[in-house]
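Here is the structure we will look at, set down as C-alpha cells.
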Amino acid sequence: MTPSATSFPQEISITRPDDWHLHLRDGAALASVLPHTAAQFARAIVMPNLKPPVTTTEQAGAYRQRILAALPAGMRFEPLMTLYLTNNTPPDEIRRAKDSGFIHAVKLYPAGATTNSDAGVTDLRLCYKTLEVMQEVGLPFLVHGEVTDPEIDLFDREAVFIERVLQPLRKDMPELKVVFEHITTSEAAAYVTQASGPIAATITAHHLLYNRNEIFKGGIRPHYYCLPVLKRESHRLALVQAATSGNPRFFLGTDSAPHAKGVKENACGCAGCYTALHAMELYTQAFDQAGALDKLEAFASFNGPAFYNLPRNTGRISLKREDWTLPAELPFVDSSIVPLNGGETIHWKMLAE
Ligand code: DOR
Ligand code: ZN
C-alpha cells in the first residue's frame, strides 16, 4: 500500500510552543544558550539550580532581568521564573513569589540528586508549612522525582520516589499542583495517568527517542548521560505512549542542560543533554516515528499553558521534513558545547519565521 500524503506530511505548522523545563545558567553561559531556546520557544520555565541557587523572589527577579538583558535584539522570549526549595524556605517567601507575578513554580531538588542540588531538601516534611501555602495560592511544585538513598539502584530511583515521597505528599496535600519533571519510567507515566487531582508531567525529547543502550554504544558516550538516566526500551515506549496519547497531563519540557565539553568528556562527567538548538526537531521526529504528528501541538503548545493557567501563544512555527547535519560543537563561553546528536543527521528542520 502506498502511504498517503496525509500520513507522511512534508511540513507541519503548530502554535508556537513553550519549554516547561529548561536550564539557562547565568553570565556568559546564559548568553551562549539563550538564543537557541528563544528561536524555538515563546516561553520557558527556567530552573533555579544556579550557584548559589535562586531561593528568593528578589534573586529570581534579578535573574529574570539578566535573562532579558541577554536576549539578542529583535528576539522575543518570556522567562517563567522558579524558586529553589530548601529546608528553610519560609512560607512568606511563597506569598512574595506568588505576588510577584513572574514566579510560576517552586522546584524540589532532593539533596544530592543532581547538578547543584546540595542546598536541596533533605526531608520534605521539613517543608510542609511552605508547601501548604503553595497549595493555598496555587503555585505549582515541580519535583525532581528521584530518591537519593544510596541503597536504591540508580535505575529504580524514580519508581521508589513515587512510593516513598510522591504518594504520601499528595495524600497530605491533595490540592497541591504537582509537575513530575522529566519522567523516565513506565511507573511514572502510569502514576500520572491514573492519579487523581492536579498532577502533570514533563517529558524530554531524549527520553522519547533513546533508551539506555545509547549511553554505551561502542564505548561510553557522555553526551547521552543525564539525570534521571535513560532507562530500558520498555520505559521509552511507555513515555512515547503517554506523550502521544492526547492526555493533557503530559507536556513538553526539554531539560536542556548545557555543560562545557570538557566537563562532560571527563572521568566524572556532568549530567545533562543539550537539546535547546534542535528540541522541536527532536520532538517532531519522536512523534513522527510514533505516527502521531497530529498529537504534537497539544503536547508542545496547549497542555502546558492549561496546567499553569497561562494563555496559549498566538504565533506559529513550521517544521519541514528535511535531512540536515547538526553542528558537532557550538560556541560556549570560552570553550564549546557538544549538542545531543552533534554531527548527526536530523530528519526535520524548523523553518525561519
Ligand atoms: O541531567 C541533568 N542535568 N539533570 C538534572 O536534573 C540537572 C541538569 C543540570 O542542571 O545540569
Ligand atoms: Zn532539569
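Counting starts at 1 for both ligands and their atoms, following the listed order.
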For [atom], what is the nearest protein heavy atom, given as residue, atom name and distance?
atom	result
atom 4 (N) of ligand 1	L227 O, 2.8 Å
atom 3 (N) of ligand 1	A271 O, 3.0 Å
atom 5 (C) of ligand 1	T114 OG1, 3.0 Å

From E146, K264, H259 - option closest to atom 11 (O) of ligand 1 by heavy atom: H259
Would H21 count as a contact residue for ligand 1, given that I'm defining contact as a non-hydrogen atom of the residue lying under 4.0 Å from a ligand atom? no
Heavy atoms only, cut-off 4.0 Å: how does [X] contact ligand 1, side chain, backbone, both, or neither?
X	value
E181	neither
N116	neither
M47	neither
C226	both

Evaluate [X] for polar contact with ligand 1, using N/O atom pairs at a separation under 3.5 Å.
X	answer
P228	no
Y109	no
A257	no
C273	no

Using 2.8 Å as the threshold, say whether any N, O or S atom from [X] sits that close to the Zn ion (ligand 2).
X	result
H21	yes
H23	yes
E181	no

Without hydrogens or angle criteria, can the side chains of [X] and [Y] be said to hold a donor-acceptor pair below 3.5 Å?
X	Y	answer
T55	Q59	yes
D123	N87	no
E181	H144	no
T185	H235	no
Q40	H278	no

Is the count of non-hydrogen atoms from other residues, nucleotides or ligands lying under 6.0 Å from E233 atom CD greater than 12? yes
CZ of R221: more than 12 outside heavy atoms within 6.0 angstrom? yes
With a 4.0 Å cut-off on N to O distance, would you call [X] and [Y] a salt bridge?
X	Y	result
R95	E136	yes
D288	R321	yes
R164	D149	yes

Taking only heavy atoms of R25 into account, list the atoms of ligand 1 that are under 4.0 Å away from them.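 Counting atoms of ligand 1 from 1, those under 4.0 Å from R25 are 9 (C), 10 (O), 11 (O).
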Only heavy atoms of H144, strictly under 4.0 Å: list the atoms of ligand 1 that pass.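 In order of numbering, the contacting atoms are 6 (O).
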Taking the six-membered ring for Trp, are W348 and Y283 ring centroids under 6.0 Å apart?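 Between W348 and Y283, the centre distance exceeds or equals 6.0 Å.
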Go through the steps to decide whether F299 and F287 satisfy the test ring pair (Phe, Tyr, Trp, His ring centres under 6.0 Å), and finish with yes or no. CA-CA 10 Å; F299 176 81; F287 275 65; 5.2 Å; yes
Write the atom name of the N, O or S atom in D255 that is nearest the Zn ion (ligand 2).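 Output for this pair reads OD1.
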